[in-house]
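These notes concern the structure reproduced below.
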Amino acid sequence: MSNSISAAPDFSVQKEGETLRIALSGAWTIAASRALEKAANALGAAGKGAGGKGAARVAIDFAGVARLDTAGAWMIDKARAQIAAGGAATEYEGLDSDQSILLREAAYAPLEREARPKASTIVDMLVRLGQWSAAIGADVVAGVAFLGELTASALRVTLKPALMRPTSMVFHMESFALRAVPIIVTMNFLVGAIVEQQGIFQLRRFGASTYAVDLIGVLVLRELGVLLTSIMIAGRSGSAITAEIGSMKMREEIDALRVMGMSPVEVLVLPRILALIVSLPLLTFIADMAALAGGMATAYVYDGISPESFLVRLQDAIGLNTFLVGLIKAPFMALVIGIIACIEGFSVEGSAESLGRRVTIAVVNSIFMVIFVDGLFAIFFAGLHY
């Protein structure tokens with residue numbers, strides 16, 4: 001066997017009494033990775049059979065090793081561990097100082113999997129429920145604290161009108177309201193048409209297809225118009241607010257505002273939330289009109305109800321309170337969307353992954369809270385018979 005530096009890793013086995021001597025040779029390095037693994041596996045297999053050969057001790061001799069690196073040391077020590085597991089005593093011979101250091105530092109350590117404690121499915125479910133409840137409680141506390149800070153900022157701006165930023169507010173109103181009109185009109189027109197169509201089809205079986213006008217009027221003005229618009233704004237404008245504030249947080253622009261003695265809530269949050277509070281009722285009104293227009297067109301196509309008859313029937317079906325219910329909900333939903341979006345924006349950390357995760361959380365939480373607030377208002381107005 002050649003002892004040159006480029007020689008492949010190899011070994012020879014010799015029996016000396018109760019000792020099985022394994023003489024290593026060649027270069028045990030990562031450069032010959034495939035040959036290294038093959039030789040190490042053969043080394044372990046040869047040493048494992050020491051007991052069957054009448055040997056109680058295995059000596060691994062490094063005198064013939066031309067070169068050794070970390071990978072080779074780890075593979076050799078792994079083979080030694082396999083031999084020791086077979087019951088034979090093992091030791092190294094012929095080591096120089098560098099080889100001793102490599103073998104000590106790259107010693108093989110088998111991975112031990114920790115036994116997972118057996119847990120009850122019910123206990124796990126209760127633990128997750130507790131964690132979920134604690135997270136919701138933390139979110140509620142953070143929301144109330146942020147609302148308090150927002151209220152304090154609004155009072156300061158009210159007492160000092162010079163702190164108001166009308167240009168920023170108008171800019172955000174254009175972004176939140178004006179640019180959202182096409183998608184709001186299209187979506188609500190189609191939803192109104194679909195609801196009216198299904199109402200006609202279902203009520204026609206009872207000879208009451210004209211009552212589909214009452215259905216579309218009450219449903220759109222009280223619930224669908226404001227709900228669909230709020231969900232759309234939560235996905236469109238809420239995500240934009242979170243992304244904008246989160247990007248500023250990542251670029252340390254918010255810290256720069258604080259260094260300059262400016263309040264991030266007054267500069268960044270208040271104009272956006274005021275713009276949302278003003279924009280959402282306007283969009284809700286446009287959505288109501290679009291949905292009623294869709295219902296009117298469908299009623300004419302499927303049931304022959306003329307626009308004049310549709311409007312007369314609609315006036316009999318709804319009252320001013322029906323129209324106001326949706327508009328009353330809109331500012332509160334806008335406030336919820338704005339607060340959640342801003343909280344998640346300020347929670348962004350210094351990575352794009354964090355920004356994407358916070359935007360997703362903001363949209364999901366906003367939509368959930370919009371539906372929740374709508375349910376609370378439904379109970380409230382039902383209790384008032386309004």
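A cation-pi arrangement is present between Arg313 and Tyr211 under the rule of less than 6.0 angstrom and at most 45 degrees off the ring axis.
Here the closest non-hydrogen pair linking Gly235 and Val363 is CA-CG1, 4.1 Å. Smallest separation of non-hydrogen atoms from Met75 and Ala40: CE-CB, 3.6 Å. When all heavy atoms are compared, the tightest approach of Ala180 to Ile233 is CB-CD1, 4.4 Å.
Looking at Asp255 and Arg258, a side-chain N of the basic residue comes within less than 4.0 Å of a carboxylate O on the acidic one, giving a salt bridge. A salt bridge links Lys329 with Glu223: the closest approach of a Lys/Arg side-chain nitrogen to an acidic carboxylate oxygen falls below 4.0 angstrom.
The ring of Phe62 has its center closer than 6.0 angstrom to the ring center of Tyr92.
Between Met333 atom CE and Ile371 atom CD1 the span is 9.0 Å, to the nearest 0.5 Å. The line from CD1 of Ile231 to CG of Leu224 is 9.5 Å long, rounded to the nearest 0.5 Å. In this structure, the separation between CG on Leu327 and CG on Leu221 is 8.5 Å, given to the nearest 0.5 Å.
No continuous path of ILVMFWY side-chain contacts below 4.5 Å connects Ile101 to Leu24, so the two sit in separate hydrophobic clusters. In this structure, Leu376 is a member of the same hydrophobic cluster as Ile367, with clusters built from ILVMFWY side-chain heavy atoms closer than 4.5 Å. Val220 and Val181 fall within the same hydrophobic cluster, where Ile, Leu, Val, Met, Phe, Trp and Tyr residues are linked whenever their side-chain heavy atoms come under 4.5 Å apart, directly or through other members. Taken together through direct or relayed side-chain contacts under 4.5 Å among Ile, Leu, Val, Met, Phe, Trp and Tyr, Leu274 and Val170 form parts of separate hydrophobic clusters. Linking Ile, Leu, Val, Met, Phe, Trp and Tyr whenever their side-chain heavy atoms come within less than 4.5 Å puts Leu320 and Leu219 in one cluster.
Between Phe146 and Phe346, the ring planes are tilted. Angles from 30° to 60° get that label. Ring orientation note: the planes of Phe176 and His172 are close to parallel, at an angle under 30° on the 30°/60° scale. Below 30°, between 30° and 60°, or above 60°: for Phe332 and Phe377 the angle between ring planes is between 30° and 60°, a tilted geometry.
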Would Thr360 and Arg357 count as a side-chain hydrogen bond (donor to acceptor under 3.5 Å, both in side chains) if you check the C-alpha gap in whole Å, the side-chain angles of each, and the deciding distance to 0.1 Å?
CA-CA 5 Å; Thr360 302; Arg357 184 172 64 253; over 6 Å; no
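Side chain of Ser347 to main chain of Ile343: a donor-acceptor pair is present (N/O by atom type, distance under 3.5 Å, no hydrogens or angles). Judged purely by atom type and a 3.5 angstrom limit, Asp69 uses its side chain to pair as donor or acceptor with the backbone of Ala71. Of the possible polar contacts, none joining the Asn188 side chain to the Thr229 backbone as a donor-acceptor pair under 3.5 Å is found.
Between Glu266 and the choices Lys160, Arg156, Arg272, the salt bridge (Lys or Arg N to Asp or Glu O under 4.0 Å) rule is met once, by Arg156.
For Ile122, the CD1 atom is loosely surrounded, since the number of other residues' heavy atoms within 6.0 Å does not exceed 12.
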